[in-house]
Every structure is written in C-alpha cells, then in structure tokens.
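We name chains A, B, ... by the order of the sequence lines, and we start the count at 1 in each one.
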2 protein chains.
Amino acid sequence: MAAHDHASRTATVPDDGLDQRKAAILTAVVNEYISSAQPVGSQHVAGAPGVNVSSATVRAEMVALEGEGYLAQPHTSAGRIPTDKGYRFFVDHLTQPGTLDAARRRQVRDFFDHAHGEIEDMLERTSGLLADLTDCTAMVVGPAHGPAPVRSVQLVSLGSRVALAVVVLADGTVEKHPVEFPDDVPDTTLATAGQHLQGALRDHSLDSLPDAVGPTGDPQVDAVAAAGLEALRVVSGAGTGDQLYVGGPSRMAAAFDAVDTVRSVLTILEQQLVVVSLLRDVLDRGLSVAIGTEHGFEPLASCAIVVVPVSVEGGTSGTVGLLGPTRMNYPQALAAAQAVGEQLGARLGEVARS
Amino acid sequence: MAAHDHASRTATVPDDGLDQRKAAILTAVVNEYISSAQPVGSQHVAGAPGVNVSSATVRAEMVALEGEGYLAQPHTSAGRIPTDKGYRFFVDHLTQPGTLDAARRRQVRDFFDHAHGEIEDMLERTSGLLADLTDCTAMVVGPAHGPAPVRSVQLVSLGSRVALAVVVLADGTVEKHPVEFPDDVPDTTLATAGQHLQGALRDHSLDSLPDAVGPTGDPQVDAVAAAGLEALRVVSGAGTGDQLYVGGPSRMAAAFDAVDTVRSVLTILEQQLVVVSLLRDVLDRGLSVAIGTEHGFEPLASCAIVVVPVSVEGGTSGTVGLLGPTRMNYPQALAAAQAVGEQLGARLGEVARS
DNA sequence: TGTTGGCACTCGAGTCTACCGAGTGCTGCC
DNA sequence: GGCAGCACTCGGTAGACTCGAGTGCCAACA
C-alpha cells in the first residue's frame, strides 16, 4: 500500500505517469517478455539496465504495478507479464521514436530503389517486405484512387455484344469492367462512344463522375456511352483502390502456439473488408497502435495492430499495417512500418508527379 | 502367412489388386479414418457395410494389408491408418467418379449464375467457393493468356516522361506496364505511337509479338513505339496469366494439430511460383491426385493435392486445385474440383466466345 | 480350409503422487 | 526506503499405476 501511495501521490509524472523506477521495471518486463514469451521474474528485472535495486524491491514495485493494472500474473509464483495497459504505457511513454537498424534500413532502401513495374505488384511485394522486416503479418491497403483524375477511357470490343470498359487513372492504376449490350454493336459505334466518354470524363475523378454525358446526335452511340458510364460507376463503387495485400500470414502461425488461435486469426485475415475497415477504424481513432482489445474486435484480442497512413503528395491515402501478437516488438514494428510507409508514399508520389 | 499367400496368389484381381474383402476393409479403414482422424480398429471395420466377417478375420486381413503396404500401425495395440499407398489404391480403385451432393451442386450453380465482373475477381472468388465446398485450401491458377489475341493497345500518358502501356486481350484481361522515356514526349506522339502499335499488334498474341513494328517515318514515334513494345514484352514474360489465387488457407490450420506443420504449409502457400509449378508438375505427370510424397515435395509430405485442369474451348489453360491433409475426403474433393473446373472453363469460354 | 471366439499381451492415455525450483510475499534489520 | 532472508505457492516434470482399446495367436468349428 505504501508503494501504491507512492505511485499515485508522489510520482514524478503526476497523473498517468509512473515514477522512473516503475517505468524502468515495466520496460524491462516488456522487453524481456517480448523476447522470451515467458513470464518475467523479479530477478531478471533486477539485472536489467536502469534498474539498480534488489529483486526484493523489484517485487514490491511489481505488486504495485499489478495493482495499477500494468502487469499481470498468470498464477501465483509465476513471473509477471504485461497487460494491454502495460503495453500501452510502454508504447506511449517508454519507447522513443526509434529507427530501424542499418541492415533493415538498407533492405528498405534497396527494395524501393529496385521497385518498378505495376503498382499492384509493388504493393504486394511491399507487404512481403514488411513481413520480412518485422516477422509479423503485414497488411498494405492500396491507395484509394478517388481523387486521381481519369487519363483515358476506352471501350474495347470482346464480342459483338460484350465490351470492356477500361479506364486509366493518373496514379497509374487501370480499372475495368465488362459491359453487355442488348444488341450487336458495330466496332465503329463502340469506338465513337469510347472517344466520347473519354472526352467527357478526362480529368474527372472516379468519385465525381457526371450523371450523364452529353448527347452526340447518334442515339446508338449515346446508349453505348451510357452503358459504359454505368460500368465505370460500378468500378468506382467497388473501390478496388481499397485492395488489401496481406504479406506473410504464416508468421501468425509462429506467433501463437494454440492452433485454434492461429486458425481464427487467419480466418479474419481472409476477410478483406473486415481487415480494411479495422485498419481504417484504428486510424480514425487517431491511434497508430491498437493493443489487445483496444480495437474492440474480439477475435483479435490477443493481437496488436500497428497502422501507419501512407501520404502521397501531402494527402493521405493507403495504409500500411502490421498484425502480431500483443507481445510484438513495438519499437521495431513502428519503425519499420513508418519507414516503409514513408518510402511507399514517396514512390507513389513519384508516379503521380512524374 | 496364409492370408498373405491368399492375397498375393489367388486374389480376384491378379496384380495390383486386392480381393474383394480386402478392398472392403481398406475402404472401411480409409473412410473411418478420414472422418475420425483416429486409428481404426478391427471392431469398427467388422461393423462396416460390405464387411460381413468377424473382427478376428478382419485382423488377419489387416495384417496382410499392412504387409503389402496399404495400412500402417502407429504403434502396437493401436488401430490401423492408411498409408499413402492405401490412399492411392482407394482413390484409384475404390471410389467411383462420385458426384457432388445436391446442396453443393446448387451452390456451384448459383455461384456461376451470379458470377460477373472482372475475371480476376471471379477467379479469386472461385477459390473461396472451392474452399467452402471442400473445407480444404483451394488453389486457382488463372488461364495463361498466351494464345489470347490482342484486342487493343494503348499508350496513356502519366507524365511527360512516363506512360502506361495498356493492352486488352480477347479473354477480357488487361495487362499494363509503365514505360519511361529519356526525353519529354508530346501527347500527340504518344497517341500516334499507340495507334501504330495497336495496328501492328492487333490479333497477335502476347506469346508471338513481332520483333519490331514497321517504321512510321517519324523517328520519335518509332522510338516511343519500340519502348512500348518492349514493355509489352515484359508483360508477356512476367506471365500474370499464371496468377495464383489461394482460397481459405486458414483451413490448413484446422487440418493439422501441430502448429509447426501449419506454419510450414502456409509458408509454402505464400510462394506462388512454387505452388504453381507444383500443380503443373502433378498435372504433367498425368495425375489428378498426388498423395503424400508422390509429388516429391518434402514440405508437403503430410498433404494431398487434387488438381483439375480447366479447359476453355477445348484447349486447356488454368488449373483448379485443392490442398488438404492426406486424410482428406477424396471423392468429395475430386467431385467439387471437377464441377468447379468445368463450370469455370465454361464461364471463361463464354467470355472468350461471346 | 477359412472363419471364429477366446485369451494373453501390448502400450498409449489418463490419473495420481512426489518432487523440484522459480518465483512470490512478508518480515525484520540496516 | 532498501534489502537479505525465509517460508510458501504452484506449475512442470517424472515415475508408478490403472484402464482399455486393440492386437496376435491358437484351438475349435462348420
């Protein structure tokens, strides 16, 4: 109780803070538990740098930390493990911005130096990179191309009554959707309608498509153009810009030893929509790390999520995320996600700007 | 030994065969083991349909089957489990072509009735369907569009020195690749070069691109066109046609209880190239089922693979496959894969033909 | 001669016990 | 307030034991 009083009344940092020694102890417990996955005993902590007191004192402090909810004991006579609140404090106050080690920094640089080809490929490979860097499952959400202006619209005939509406956006993405016609459409009509659409839509964004394109005088062309516009509207609604790329889901199998946990986490990861909205949710709440139940998504209660927005040209679009057990290496994960997110944004910006 | 002589000398089916009773016993063991995942004892088998003998007789036959390599015993005083050879015989001789049950058949029909939109989406969702049908991990390899003729080529400007080469193929797929130029290229030059390429390449396939397109008289246009052609060559080489879609990898976590096995299998599944060539390998060897070590790929020794080629318009391109534990439900898996493969082929054919 | 009931045997799985030791909470001394 | 000392707790491991499903063998039988 003395310890408790000390913490709540005379702590160095008044309110949500812990005095320096408690902080050092919490840090030691978190670090040790992250690397060993075993409950941490007072002896180990006493030997840690920054904690120059005996194990007995550490024990007393640990009792206090447990009372305040930062640590938990799986059972009496076991060491302590951090609670979600403990991790939260660690992430918020005990870990400096942190940078990647040299090897990883080079790996990121090399990757983006050699990144080329289609944007989708690059996002996919980026998720692999991030998984490699952190040993967590990585999630990359492609930039929503809402604001990207249309560069080209084309109707390509695939058959007498089927065409493909192909639209190229300024960010280098290509969207397409099949269009079916009730009657045969001659190639010339298709081409004319395509050009008409292109003229009308160029530099619009998919988010702000006009309700209709002006008449051309030829009713058949108008009909075809209207059908094409409809297809583009579908594309814009489907929002393939929110495409999710998951890298290294197998890492989740290494993170847990209960096969049930693994299965349920993998099941979640298969649901793009769920994952994307989960990431958005976390970001919307202004967090970059969601630990345990903080994201309010029960099935991932034993996981932590790291999210970093990708900003392209000032605006933010796209997300880079990491999923791992709550005892993940937060500093490293954050640093890696930030580095990759930054580089990715720069790279995407290049394409858009060039 | 009497039993053994009986089997090897006087069996009804002379060579690779088993007499009817042994076959019935093997069938019972396989079926029981598939559904229970527990070693099967002689009593259970004696009660199975088609086996009207006592457990003692079953035991004698089991000894023979074990001697011939169809069954194995995890340890003395445990029941028998089928060996890879046992599964093989079961698949080859003891299971009739088999059809899907009504509910699943309807599920497949409904799916393809409502399948629409982009081909990639459909393939992705098809893998999900197949996983749902079989409770295995499904693999769908997109049709290589080697033979599909080019319907449209376009160079779209993304910046003064960057364009996107976009090619639409008759099968409804769209490929693209960025093209960079050493100098600024005016839009008109780009458009002219694009049209020139389109004229020269239309109805070629990506597999048989010409070495060069004829000169236009304008050297800058020629240079741009050559760069565009080069980009298309990259696209053709990259062969996104062999794109792999993996559905329901989480099912592998339910199939094994060793988390290590799960992890290594998932790691394999993340390597597109490995999986695609594995499937191709199995098909090339004329198999539709590869059990255990038959595929010669060590890390998947405890898995079985079911492969069905997808034939579009007579020719075969694309593959659907299933990955599960060796004790998977082969008849159902085969039936589902065949049904889905067939429907998928028909659907892809429709697009190509229409 | 093939089939069967009977029987002794095997061995994994589960239960119980004892023990070890890492770790705790407490207490009294400095 | 910090610390050494100490009794205590309790999970994990190892060994003894039991249980029972399942086996292999054998003698009897149709």
Rounded to whole Å, how long is the line connecting atom CD of B:Gln38 with atom C1' of D:dG20?
15 Å
Between P of D:dG22 and CE of B:Met62, the distance in whole Å
10 Å
For atom CD of A:Glu61 and atom P of D:dC3, their distance in whole Å:
11 Å
Determine whether a donor-acceptor pair (N or O, by modelled atom type, separation under 3.5 Å) exists between the side chain of A:Arg80 and the backbone of A:Arg59.
no
For DNA chain D, whose closest nucleotide is more 5', that of B:Ala56 or that of B:Gly79?
B:Gly79
Do B:Ser54 and B:Thr57 have side-chain atoms, one donor and one acceptor, less than 3.5 Å apart?
yes
Send over the distance from A:Ile25 CD1 to C:dT24 P, rounded to a whole Å.
11 Å
Please confirm whether the shortest side-chain N or O distance from A:Ser42 to OP1 or OP2 of C:dT24 is below 4.0 Å.
yes
In whole Å, what is the span from the NZ atom of A:Lys22 to the C1' atom of D:dG1?
13 Å
Scanning both residues in full, the closest heavy-atom pair of B:Leu322 with B:Ala337 reads CD1-CB, 4.2 Å
B:Thr57 has a side chain; which of D:dG24, C:dT3, C:dC11 sits nearest to it?
C:dT3
Nucleotide of C:dG23, D:dG24, C:dG5 approaching A:His44 most closely (side-chain heavy atoms):
C:dG23
Using a cut-off of less than 4.0 Å, is there contact between a side-chain N or O of A:Arg21 and OP1 or OP2 of D:dG2?
yes
Heavy atoms from C-beta onward define the side chain here; which of D:dC10, D:dG24, C:dG25 lies closest to that of A:Ser77?
D:dC10
Tell me whether the rings of A:Tyr70 and A:Phe89 are parallel (<30°), tilted (30 to 60°) or perpendicular (>60°).
perpendicular
Would you indicate which nucleotide in C:dG5, C:dG25, D:dC3 comes nearest to any side-chain atom of A:Arg80?
C:dG25
With a 6.0 Å cut-off (strictly less than), is the heavy-atom count around CD of B:Gln271, excluding the residue itself, greater than 12?
yes
Nearest-Å distance, NE2 (B:His75) to C1' (C:dC9)?
15 Å
Mind calculating the distance between CG (B:Leu65) and P (D:dG24) to the nearest angstrom?
12 Å
When the distance from CD of B:Gln20 to P of C:dG2 is rounded to whole Å, what number comes out?
17 Å
Out of D:dC3, C:dG25, D:dT23, whichever nucleotide has its closest atom nearest the side chain of B:Gln73
D:dT23
Judged by nearest nucleotide, the residue sitting upstream toward the 5' end of DNA chain C, B:Thr76 or B:Val53, is B:Val53
Any idea which of D:dG24, C:dG5, C:dC11 is nearest the B:Arg59 side chain?
D:dG24
